[in-house]
Amino acid sequence: MAWNLNSDRPIYAQILEVIQLRIIAGQYKSGDKIPSVRELAAEAGVNPNTMQKALAELERSGLVMAQRTSGRVVTEDMEMIKQTRNMLAREQVDVFISKMKELGFNKKEILALLEQAGGEQAE
Amino acid sequence: MSGLVTINNLTKVYEKKKIALENLNLVIPRGRIIGLLGPNGSGKTTLIKLINGLLVPTNGEVRINGNLPGAETKSCVSYLPERTYFQNSMQVKELISYFEDFYADFRPERARQMLANLGISESAYLRTLSKGTKEKVQLIMVMSREAQLYILDEPIAGVDPAARDYILKTIITNYNENATVIISTHLISDIEKVLDEVIFIRDGKLVLHETVEDIRETKGKSVDAYFREVFAC
C-alpha cells in the first residue's frame, strides 16, 4: 500500500487510511512495532506533525498502542483488526452502491450484476 | 507560549514611497514548517530580509527569541538567500571549513553526508558546478546548521524534481521540534505536503495565516488551488 496522498483532502486522514490498510493487509503485523514518526514522515514525504496527528488518532482508536520507550506497536486484539477490516469493506460497498444508484440501477439489478461479475472473476 | 518570531506593526517603505510591507503582525511558533506565499512583489523577500537584519524597518519591529535582529539572532538563524553568494573560486570542501569557522552550530559531517548522497564531490570548484548543483550545495550548507530558525528563500526553484524530493526529505528529517523552517516559494504543490502552516501576503499585507490541514478541511481544496483562487488575476 503506497502513499498516494492527494492535497485536496486533509493529509492526516489519508495517512490514517494507508496505515489502517497496512495493518489489515498484514504489512504491519499484530504485535509488531511500526516505524517512527520521523521515518514514516520521510517515507510519505509529509510534515512530521501531520504524521504525529495521524498516529495519535490511530492510538485513540486502539489499533496501535504507544509503548513507553519504543514507539508504537500494532494491537494484538485480532478482533479489532477484523472489525476495522469489515468497517472499511462496508465503506467501499456504500460508495459502490451510491455510484450504481447514480447510474440508475436498482437493488435487484445491482445484485445480479455483482453475481455475474463475481462469477466471471472466479473463473 | 511565546513564539519564536514575533512581528509587531512591521512597515517597510523604500525610497520613492514604495510601500513594501504595511503594518504586519505575525507570531511564528517553534517546531513548524511554514510556507511564506504570495505573488511576485508581494513583500516576501522584504520580510525575510527584515527578519535577517539585512534591512531596517521603517516602523515596528521583528523579535527572534525576544531579541532584535543582530549578532545574537544571526547565530541561531540559518538563511538561504534567493541568490548564491559563494565565491566561484572556492572548492566545496573550503566552503565546509568556512562554514565551520563561521557558525558554531554547523555540523560538517551532516553536510558531507548530504553531499555524498547527491553525488557532489568535495573537491569540485564552485565555478564548475551547474546552477542547480550550486543551489543544492548552498541549501546543504544552510540545512547543516543546528539552527532554531531556517529561512529558505526560493530553495527549490532551480533544481530538478528528484532533487526537490531529496531536499524536502532533508528538511523533514533534519526537523526538530524546537526549530522552525520558513520556506518562501511559488511552487506550492511541490511543497504543501510538508507544511504545517501557510502565510499568504499580498501588497505587503497579511492575507491569511492558517494551518494547511484547516484549509483542506474547510475549503475542500489543496493549498495550491486555494492560492490560485485568492490571488486570481
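Quantities reported herein were computed from a predicted structural model and do not represent experimental measurements.
When heavy atoms are compared at a cutoff of 4.5 Å, A:Glu43 approaches chain B solely by way of its backbone atoms N, CA, C and O. Contacts of B:Leu168 with chain A are absent, with no heavy-atom separation under 4.5 Å from either backbone or side chain. When heavy atoms are compared at a cutoff of 4.5 Å, B:Glu192 approaches chain A solely by way of its side chain, counted from C-beta outward. Only the backbone of B:Lys221 comes within less than 4.5 Å of a heavy atom of chain A; no side-chain atom from C-beta onward does.
Ring geometry, B:Phe200 versus B:Phe231: the interplanar angle falls from 30° to 60°, so the pair is classed tilted.
By the 4.0 Å N-to-carboxylate-O rule, B:Arg63 lies close enough to B:Glu61 to be salt-bridged with it. A salt bridge is absent between B:Lys219 and B:Glu229; no separation between the charged side-chain nitrogens and carboxylate oxygens falls under 4.0 Å.
Because its NZ or CZ atom is not both nearer than 6.0 Å to the ring centre of B:Phe106 and within 45° of the ring axis, B:Arg145 does not count as a cation-pi partner of that residue.
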